[in-house]
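Positions are given from 1 along the sequence.
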Amino acid sequence: MHKEQLAEYLHRYHHGAENAVISKTLERALGISGKELRDLVNALRREGIPIASDQSGYFYAKTEAEVRLTIRHMRNRISGISAAVSGLRRSLAAFDDTQIRLPLEGGDDF
């Protein structure tokens, strides 16, 4: 499936938060996996296509507020992931074996 097809499908059948659709339903309807769906949604969002989501699922945003709520939701997820990374970094002390560690190529900072 091409990302443009997903955008058109969402715009036609799931326009606005009141018409949100859960991932599993979209996956079955379009014959794609959850990962493929998430990748397509991400690609569309990167191109500026207003694919929004909330606790009810994905939808093509009808209003600016729907896009802003999606952005807020995504930022909250980033904060949660960042906190988890910080916790994992703290857990590294338990593995400290007093060996010198060199950063991995590419700037790995932990």
side-chain hydrogen bond (donor to acceptor under 3.5 Å, both in side chains) contacts touching residues 77-86 (sequence neighbours left out): none
All pairs passing side-chain hydrogen bond (donor to acceptor under 3.5 Å, both in side chains) where residues 5-17 contributes a residue, at least two apart: none
Measure the spacing between [atom1] of [X] and [atom2] of [Y] and express it to the nearest 0.5 Å.
X: I71; Y: I78; atom1: CD1; atom2: CD1; answer: 10.5 Å
X: S23; Y: K35; atom1: OG; atom2: NZ; answer: 13.0 Å
X: N19; Y: K62; atom1: CG; atom2: NZ; answer: 6.0 Å
X: E4; Y: L44; atom1: CD; atom2: CG; answer: 7.0 Å

Looking only at heavy atoms, which two atoms of [X] and [Y] are closest? And how far apart?
X: A7; Y: Y60; value: O-CD1, 3.7 Å
X: V21; Y: L10; value: CG1-CD2, 4.2 Å
X: I22; Y: S56; value: CG2-O, 3.5 Å
X: A20; Y: F59; value: CB-CD2, 3.7 Å
X: E66; Y: A52; value: O-CB, 4.0 Å

Side chains of L6 and L37 in contact at under 4.5 Å (non-hydrogen atoms): yes
Test item: H73 and T70 side chains (from C-beta on) under 4.5 Å apart, heavy atoms: no
Test salt bridge (charged side-chain N to carboxylate O under 4.0 Å, His left out) applied to E36 - qualifying residues, sequence neighbours left out: none
S53 and R45 side chains, donor-acceptor separation under 3.5 Å: yes
Other residues, nucleotides, ligands: >12 heavy atoms within 6.0 Å of E64 CD: no
Same apolar cluster: M1 and L26, side chain cutoff 4.5 Å: yes
Verify same cluster id: I51, L30 (apolar side-chain graph, 4.5 Å): yes
Whether R38 side chain and G34 backbone form a donor-acceptor pair below 3.5 Å: yes
